[in-house]
Visitor: 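Attaching a single structure in structure tokens format; questions to follow.
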Amino acid sequence: MNVKEIVRKMTLEEKAGLCSGADFWRTKAVERLDVPQMMVSDGPHGLRKQEETGDHLGLDESVKAVCFPAGCATAASFDRKLLRTLGETLGKECQAEGIGVLLGPAVNIKRSPLCGRNFEYFSEDPYLAGQAAASYVKGVQSQGVGTSIKHFLLNSQEHRRMSSSSEADERTIREIYLPAFEEAVKTAKPWTVMCSYNRINGVYAAQNKKYLTDVLRGEWGFDGFVVSDWGAVNDRAADLEAGLDLEMPTSFGINDKKIVEAVERGELAEEVLDKAVERILTIVEKSVANRKEGAVYDKEADHRLARKAAAECMVLLKNDGVLPLRKGARIAFIGEFAEKPRFQGGGSSHINTCRTESAWEMADKSHVIYAQGYSAGADRLDDTLLSEAIRAASLADTAVVFAGLPDAYESEGFDRTHMHLPECQNELIEAVSDANPNTIVVLHNGAPVEMPWLHKVKGVLEAYLGGQAVGGAVLDVLYGDVNPSGRLPETFPLKLEDNPSYIFYSGEGDKVEYREGVFVGYRYYDKKKMEVLFPFGHGLSYTSFLYTNLKLSKKRMNDTEELLVTVEVKNVGQCTGKEVVQLYVAAPQDGDIIRPVRELRGFEKVELAPGERRTLSFKLRKRAFAYYDTEISDFRVPTGEYRVEIGKSSRDICLSEGVTVKDTSGKRILVTMDTTFGDIMKIAGAKEIVEALVAQMGIADSGSDGSMGEGTADMVEAMMGYMPLRSALSFSGGQVSFKQVEEVIERLNRLQDN
Ligand code: BGC
């Protein structure tokens, strides 16, 4: 199929028609030109292929499929290989089901624990989200199936998601909200990008030329098509012009007609339409060329992978010597989630699972007893269930409470209103821990919860929403068949009110201001030195690791150079385990630029046997040190000393080394009458010129007689730093002329030419 040739042969109506779906899940065919339909399907952590009626909220039936751990969990694996394998497996399932594009990954930043869809998203950190996304995309696409990275852009809440405007400054957008998309687009080349429902600084994402065209295609080189989130189109011709190619689902011909009319009236250039059609056809053609007719997949094998993956994702948050459980010990499983685990969230990612596995079903019943404890839908404790639970706990060596958020608390389409577990679960955990001092809590949730009982329990295992095989995976970790190696991809604050977006989160009406700026998640908690429940990157193991020998390839470098970082990690414990070595860069905190204390810029996951050691290496380039400088519309590294830190979490830094990085951006300070002396002194070679001027002003000696108190010279210097150049006129008693200051300005600006 020669795409350009086909576009040339298509009528205006056919071209307009191709820009929206045939139905809920398929693109249109153009039979006379042999253009077939292409089917897409949700995503992201399993297939929600709907053969009959379609819906975007997970309400109608879809074909049976395997539900893998959700994004909240897979990000916690900090394991690029695992995400790639999951992607490959999903790609194979798509081939077997005849799907051309899988609608995922979902990479929106977790700005607040309240976002109803956090369970689908990866992280509060853009680097981690970008690495996870790129690995997933590479995996799926290696099977000849496309992905649709979503939801582009600034869609970090469900509240009023179809009308609200996310208002953020450019630096925040560039540093926090774009990089996950940027990394995936640049390194993994997703076939499609899905634009979000919301507006971005007032302009609908679907109509946002700046991000859909200038940034996505212009700066990052994206060459696939942009698809609307289901129903995100608001003004079809304007959206097309902005860079939105495919509208989904079907518009029942209404918007096709609008496109035709806009072209006929000369309001929309036909070339714009042609380009969109070309992009859509290129992907349809790619999908046809990569079709593997007769492909099948093995649901049992994929179920086994789902179990393995779920175990790799779990985060051991607390362990006061109670885990792993001894096989043969008397254990009480308490809580309905032990029998009916919550393993996925509601909405468009909801999978009609082929099979589910609970911890109770998989348990060795000769040693484990079960008490329901609570019913998942309820908020209040039932006295009978409570006394059964207390009895079970008191009979056992160890009590394991399976707790978490019920479906109604956490879903696409609406946000949470608080960060608590249902009250009955909190009370149950307290009561069980009173009855048995060896109490462990296993959590099933897609985002942080408050843990008022934390000090009373000896262990906490965060299982997140672990997919259909979560039950077996929980046992694997509890009994030590799998050594836990997940790390938190988000901070667990002590309470919701601590979260930086707390005051502004859902905004006023349709306006949501991202006032915390770049200080999202640990960037905020670390800057404020706040106590948190569990920090970003935290996670325990049944063994322990020691880091030594941190080495940087340079002590000084230009921002154009690459820095090689090596560090040794050794398993100094008793069993084999996987460690996530995290690399943070700490920018100077004394400069003019307000920056987070540290930012994740690298991580490696490594498996080591007891006594085994490995040297890991990381390469750091400009972006690892940079912030987005809106004055030059680019990333820039202010000259200064940066710390390269190696840690086990953002709060547990084990090693650190300094490197001085020099700014080569050539950024100039434009000197005017209003430029301060302090800023001028930052220009190389300015000192002499300024000193001559100050001498002429005659204020350098002011107060040297002690009339202004001690330390006057320093005070004068500090005050001078904030004075604009024009003060040379007003404070020199007529000693300095206007012409002289103008000459100084010219010399200072010329100085920067070299
Ligand atoms: C969701 C998307 C999803 C689409 C199709 C929308 O409501 O936001 O993530 O892919 O529906 O189901």
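Since we're looking at a predicted model, the values are computed, not measured. Each ligand, and each atom within it, is numbered from 1 in the order the structure gives.
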Visitor: Quick one: which ligand 1 atoms are inside 4.0 Å of a heavy atom on Leu103?
Guide: 10 (O)

Visitor: Need the ligand 1 atom indices (1-based, order shown) with element for anything under 4.0 Å from a heavy-atom of Glu412.
Guide: 1 (C), 6 (C), 7 (O), 8 (O)

Visitor: Quick one: is the NZ or CZ of Arg199 closer than 6.0 Å to the six-membered ring centre of Tyr204, and within 45° of its axis?
Guide: yes

Visitor: Please tell me whether His444 and Phe337 form a close aromatic pair, meaning their ring centres lie under 6.0 Å apart.
Guide: yes

Visitor: What are the atoms of ligand 1, with element, lying closer than 4.0 Å to any heavy atom of Met194?
Guide: 10 (O)

Visitor: Just go through Val227, Asp42, Asn108 and tell me whose heavy atom is the nearest to atom 12 (O) of ligand 1.
Guide: Asp42

Visitor: Between Trp230 and Trp25, what is the ring plane arrangement, given parallel below 30°, perpendicular above 60°, and tilted in between?
Guide: tilted

Visitor: Looking at Phe414, does the NZ or CZ of Arg117 lie under 6.0 angstrom from its six-membered ring centre and within 45 degrees of the ring axis?
Guide: no

Visitor: Are the side chains of Tyr197 and His151 in contact, using a 4.5 Å heavy-atom criterion?
Guide: no

Visitor: Is any side-chain heavy atom of Glu88 closer than 4.5 Å to one of Arg84?
Guide: yes

Visitor: Taking both backbone and side-chain atoms of Tyr197, is any N or O found less than 3.5 Å from an N or O belonging to ligand 1?
Guide: yes

Visitor: For Lys150, take its heavy atoms, then give the atoms of ligand 1 lying under 4.0 Å from any of them.
Guide: 2 (C), 3 (C), 9 (O), 10 (O)

Visitor: Answer yes or no: does atom NZ of Lys292 have more than 12 heavy-atom neighbours from other residues, nucleotides or ligands under 6.0 Å?
Guide: yes

Visitor: Which ligand 1 atoms does Arg48 reach within 4.0 Å, using its non-hydrogen atoms?
Guide: 12 (O)

Visitor: Between Glu120 and ligand 1, find which residue part has any heavy-atom pair under 4.0 Å and reply side chain, backbone, both or neither.
Guide: neither

Visitor: Atoms of ligand 1 less than 4.0 Å from Asp229 heavy atoms?
Guide: 1 (C), 2 (C), 3 (C), 4 (C), 6 (C), 7 (O), 8 (O), 11 (O)

Visitor: Does the separation of the ring centres of Phe492 and Phe536 fall below 6.0 angstrom?
Guide: no

Visitor: State if Arg161 counts as touching ligand 1 under the rule of any non-hydrogen atom under 4.0 Å.
Guide: yes

Visitor: Near Trp25, which atoms of ligand 1 are under 4.0 Å from a heavy atom of that residue?
Guide: 5 (C), 12 (O)

Visitor: Which of the numbered atoms in ligand 1 are below 4.0 angstrom from a heavy atom of His151?
Guide: 2 (C), 8 (O), 9 (O)

